[in-house]
Amino acid sequence: MPRDADLDPVAPGLLALAVAGDFSSLEESAAPLFDCQSCGACCSYSAEWPRFSTEDDAQLDRIPAKYVSADEAGMRCDGTRCSALAGEVGKSTACGIYEVRPDVCRACMPGGDDCLMARKAHGLPTL
């Protein structure tokens with residue numbers, strides 16, 4: 001009669017890792033696929049993307065006015081590029097307001113659908 005672990009092919013491997021105390025392969029698989037500081041595609045994908053929607057007034061007040069659009073609905077963009085983005089897309093980039101960036105920026109996760117869409121638009125690898 002099969003044991004529960006025999007029915008789940010992942011379970012024996014996880015059990016072996018737990019017994020050995022070796023969690024390194026689990027941690028490696030959880031690592032982001034892409035390094036945002038060598039990309040920046042999401043920050044230069046669309047002038048419509050960095051819109052404010054869920055931020056409260058206190059959050060918005062922390063964003064320097066020079067980076068906020070004239071209509072105050074989102075980040076100011078130069079073409080499709082967020083004005084807070086420094087560096088060259090696909091090479092080396094940094095957010096000038098990373099600690100106070102809007103929620104839409106925080107929601108874009110490395111390897112997520114939005115990330116992959118932006119990378120593809122810039123001709124960057126998506127795998």
Side-chain angles (χ1 to χ4, degrees):
M1 180 160 217
R3 299 178 324 209
D4 288 342
D6 294 332
L7 299 176
D8 183 357
V10 176
L14 291 177
L15 181 59
L17 287 173
V19 169
D22 180 8
F23 298 101
S24 60
S25 63
L26 292 175
E27 291 167 1
E28 289 169 11
S29 66
L33 298 172
F34 304 106
D35 174 21
C36 297
Q37 290 182 321
S38 64
C39 182
C42 62
C43 302
S44 54
Y45 175 74
S46 167
E48 299 302 314
W49 194 347
R51 304 315 270 172
F52 303 142
S53 58
T54 60
E55 295 81 7
D56 61 29
D57 288 341
Q59 286 175 284
L60 296 176
D61 288 344
R62 289 191 295 268
I63 299 173
K66 69 181 183 178
Y67 295 123
V68 177
S69 66
D71 65 2
E72 298 183 347
M75 296 298 291
R76 183 177 61 80
C77 291
D78 300 319
T80 60
R81 182 186 173 111
C82 177
S83 61
L85 181 66
E88 184 179 346
V89 173
K91 302 276 185 189
S92 177
T93 60
C95 176
I97 60 162
Y98 186 80
E99 292 299 320
V100 297
R101 70 195 184 281
D103 292 341
V104 67
C105 302
R106 294 172 189 274
C108 187
M109 302 305 295
D113 291 342
D114 293 340
C115 166
L116 297 178
M117 179 176 60
R119 287 181 65 85
K120 184 176 180 181
H122 283 277
L124 299 172
T126 57
L127 293 176

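A search for salt bridge (charged side-chain N to carboxylate O under 4.0 Å, His left out) contacts involving Asp71 returns Arg51, not counting sequence neighbours. Judged as a salt bridge (charged side-chain N to carboxylate O under 4.0 Å, His left out), and not counting sequence neighbours, Arg81 has no contacts. Listed by chain and number, the residues in a salt bridge (charged side-chain N to carboxylate O under 4.0 Å, His left out) with Asp57 amount to none (sequence neighbours excluded). For Gln37, the side chain to side chain donor-acceptor pair (under 3.5 Å) criterion is met by no residue, not counting sequence neighbours. Legend: residues meeting salt bridge (charged side-chain N to carboxylate O under 4.0 Å, His left out) with Arg62, ordered by chain and number and at least two apart, are absent.
In plain terms, the two heavy atoms of Leu85 and Cys43 that are nearest each other are CD2-CB, 3.7 Å. Scanning both residues, Arg101 and Arg106, for their nearest heavy atoms gives O-NE, 3.1 Å. Taking both residues in full, the closest heavy atoms of Ala118 and Trp49 are given as CB-CZ3, 4.1 Å, listed atom of the first, atom of the second, then distance. The minimum heavy-atom distance linking Cys108 with Cys115 is given by the pair SG-N, 3.8 Å. Taking both residues in full, the closest heavy atoms of Ala47 and Gly79 are given as CB-O, 3.4 Å, listed atom of the first, atom of the second, then distance. Closest of all the heavy-atom pairs between Leu124 and Cys39 is CD1-SG, 3.9 Å.
At distances below 3.5 Å, not a single donor-acceptor pair connects side-chain atoms of Arg119 with backbone N or O atoms of Leu116. A donor-acceptor pair is defined here as one N or O able to donate and one able to accept, closer than 3.5 Å; such a pair exists between the side chain of Glu55 and the backbone of Asp103. Side-chain atoms of Ser44 do not come within 3.5 Å of backbone N or O of Cys82 as any donor-acceptor pair. Between the side chain of Ser69 and the backbone N or O of Gly74, at least one donor-acceptor pair lies under 3.5 Å.
A salt bridge links Asp78 with Arg76: at least one charged nitrogen is closer than 4.0 Å to a carboxylate oxygen.
For the atom pair CD of Glu88 and OG of Ser38, the computed distance is 12.0 Å after rounding to the nearest 0.5 Å.
Side-chain contact check for Cys77 versus Pro50: some heavy-atom pair is nearer than 4.5 Å.
Other residues sharing a hydrophobic cluster with Tyr67 under the 4.5 Å side-chain heavy-atom criterion for ILVMFWY residues are Phe52, Leu60, Ile63, Val68, Met75, Ile97, Val100.
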